[in-house]
Number of protein chains: 2
Amino acid sequence: MKRDMVLGVLEGSPEFLSAQDIHAALRASGQKVGLATVYRVVQALQESGAIDALRNENGELTYRSCESTGHHHHLVCRACGRTVEVQGPAVERWADSVAAEHGFAEVSHTVEVFGICGDHRS
Amino acid sequence: MKRDMVLGVLEGSPEFLSAQDIHAALRASGQKVGLATVYRVVQALQESGAIDALRNENGELTYRSCESTGHHHHLVCRACGRTVEVQGPAVERWADSVAAEHGFAEVSHTVEVFGICGDHRS
DNA sequence: CTATATGCAAAAAGTTTGCATCTCC
DNA sequence: GGAGATGCAAACTTTTTGCATATAG
């Protein structure tokens, strides 16, 4: 079962990894594994709730072992593309409460903040 | 210039639209426009800051005209797709303040909340 | 006339699927 | 031997690019 190899890679990294990253890591460590198998395994793991999936800015699906290390959002400069990672307990609470008000459960959310950073104000 | 046609479509919708949606809308309204042109136009518009881009859950890039009429966010049911429009003064304030802390100005933001609505909880 | 914009089709990039093979029970 | 896992290659989807043509100034 390649499942454990994939999990091993994910647990060994605090970052989100794309399926292709996982495949490359396994290949690099000498494992012979097909790309399709990696995709099938991560899908299975995601359905079983063992890992979290999310899409990165390149449109790649990325995965992380589930113990939610750091939830954060992005503050992006429209002028230079500089990105700052920000924490927002207030937003988390707001998202949960507004969802609850409407009877929604299992809430997740995405937040992106755009602006012009100090170095690029006219 | 197809630029204005694309902008017209985006300004006519409060929702985020994918390039393909825009293309379909233009075709539906009788315009002869190539898909590639739509992609090129939205990229140009995004670079010039006229529209916001965001990747949706399916990995499609979606766009919205920057001067959105009424500011609101969406609460989307993962099970049935039902969407509720919600207001969130708390998030607005949070976004502004977190951006200000990092020296960002002209702040805009996008927030999407996903959950399972009352009718679709297991 | 020259430069830009457009359309079409082919190419990239990421992901999924079909199918034959291999493995473990 | 059979069920499920795996690998390879082909299919698919979304987005980008090459190139020839059409349009604008």
Side-chain angles (χ1 to χ4, degrees), chain A residues 1-11 13 15-66 74 76 78 81 108 110 112, chain B residues 1-11 13 15-65 76 78 81 110 112 114:
Chain A
M1 205 99 123
K2 300 298 164 76
R3 188 190 120 105
D4 303 308
M5 298 180 188
V6 170
L7 262 184
V9 170
L10 284 171
E11 283 166 357
S13 168
E15 307 283 325
F16 275 86
L17 296 177
S18 71
Q20 317 235 9
D21 290 338
I22 297 167
H23 180 234
L26 288 174
R27 278 292 171 81
S29 68
Q31 301 296 335
K32 297 192 194 83
V33 88
L35 187 52
T37 301
V38 174
Y39 277 103
R40 280 190 279 239
V41 169
V42 291
Q43 277 169 8
L45 286 171
Q46 187 196 350
E47 273 169 33
S48 74
I51 61 179
D52 276 346
L54 93 76
R55 218 172 267 275
N56 72 11
E57 64 285 346
N58 280 325
E60 293 177 328
L61 285 166
T62 57
Y63 301 91
R64 175 184 71 177
S65 157
C66 227
H74 291 118
V76 185
R78 267 193 294 262
S108 69
T110 64
E112 306 284 329
Chain B
M1 206 100 123
K2 301 300 165 75
R3 187 191 121 103
D4 302 308
M5 298 180 188
V6 171
L7 262 183
V9 171
L10 285 171
E11 282 167 358
S13 169
E15 307 286 326
F16 275 86
L17 296 177
S18 70
Q20 317 236 10
D21 290 337
I22 297 168
H23 181 233
L26 287 174
R27 277 291 170 83
S29 69
Q31 299 297 336
K32 298 192 197 85
V33 103
L35 186 52
T37 300
V38 174
Y39 277 103
R40 280 189 279 237
V41 169
V42 290
Q43 279 169 8
L45 286 171
Q46 187 196 351
E47 275 168 33
S48 74
I51 60 179
D52 276 345
L54 186 61
R55 213 173 272 276
N56 72 11
E57 300 289 279
N58 282 324
E60 294 177 328
L61 283 167
T62 57
Y63 302 90
R64 179 183 68 180
S65 158
V76 185
R78 266 191 297 260
T110 64
E112 303 288 326
F114 302 95

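These values consider heavy atoms only, across backbone and side chains, with no hydrogens, waters or symmetry-generated copies. Note on naming: letters A, B, ... go to the chains in the order of the sequence lines (proteins, then strands), and numbering restarts at 1 for each one.
- Between B/L35 atom CG and C/dA10 atom C1' there is a gap of 14 Å when expressed in whole angstrom units.
- Rounding to whole angstrom units, CG of residue A/L61 and P of D/dT13 are separated by 16 Å.
- Checked against side chain to side chain contact (heavy atoms under 4.5 Å, CB included), A/Q43 has no partners two or more places apart in sequence or in another chain.
- The distance from atom CD of A/Q20 to atom C1' of C/dT16 is 12 Å, rounded to the nearest whole Å.
- Here the CG atom belonging to B/L7 is positioned 10.0 Å from the CE atom belonging to B/M1, to the nearest 0.5 angstrom.
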Which letters describe nucleotides 17-25 of chain C, given B = protein heavy atom under 4.0 Å from base, S = only from sugar-phosphate, - = neither? BB-------

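- Note: CD1 (B/I22) to P (C/dT6) measures 14 Å, nearest angstrom.
- For B/Q46, the side chain to side chain contact (heavy atoms under 4.5 Å, CB included) partners two or more places apart in sequence, or in a different chain, are B/I51, B/A53, B/Y63.
- Nearest-nucleotide positions on DNA chain D place A/V41 closer to the 5' end than the other of B/N58 and A/V41.
- Dashed line: the shortest gap from a side-chain N or O of B/K2 to OP1 or OP2 of C/dG7 is under 4.0 Å.
- A/N56 contributes a side-chain N or O that, together with a main-chain N or O of A/N58, makes up a donor-acceptor pair within less than 3.5 Å.
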Ignoring hydrogens and angles, write down the donor-acceptor pairs under 3.5 Å from the side chains of residues 25-37 of chain A, residues two or more places apart or on other chains.
residue	atom	partner	partner atom	Å
A/R27	NE	A/V33	O	3.2
A/R27	NH2	A/V33	O	2.9
A/S29	OG	A/A25	O	3.4
A/S29	OG	A/L26	O	3.0

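- Taking atom CG of B/L17 as the reference point, atom P of D/dT15 lies 13 Å away to the nearest angstrom.
- B/D4 places its CG atom 18 Å from the P atom of C/dT4, with the value rounded to the nearest Å.
- Taking B/T110 as the reference, A/E112, A/F114, B/F16, B/L54, B/R64 meet the side chain to side chain contact (heavy atoms under 4.5 Å, CB included) condition, with sequence neighbours excluded.
- Taking the side chain of A/E60 as heavy atoms from C-beta on, and the options D/dC8, C/dC8, C/dG14, the nearest nucleotide is C/dG14.
- Residue-environment remark: CZ (B/R3) stays at or below the threshold of 12 foreign heavy atoms within 6.0 Å.
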Sort me out a list of protein N/O and nucleotides 22-25 of chain D N/O pairs below 3.5 Å, or just none if empty.
none

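- Interatomic distance, A/H23 NE2 to A/L17 CG, rounded to the nearest 0.5 Å: 14.0 Å.
- B/M5 places its CE atom 14 Å from the C1' atom of C/dG7, with the value rounded to the nearest Å.
- The distance between atom CD of A/Q46 and atom P of C/dT15, rounded to the nearest whole Å, is 12 Å.
- A donor-acceptor contact shorter than 3.5 Å links the side chain of A/S48 to the backbone of A/L45.
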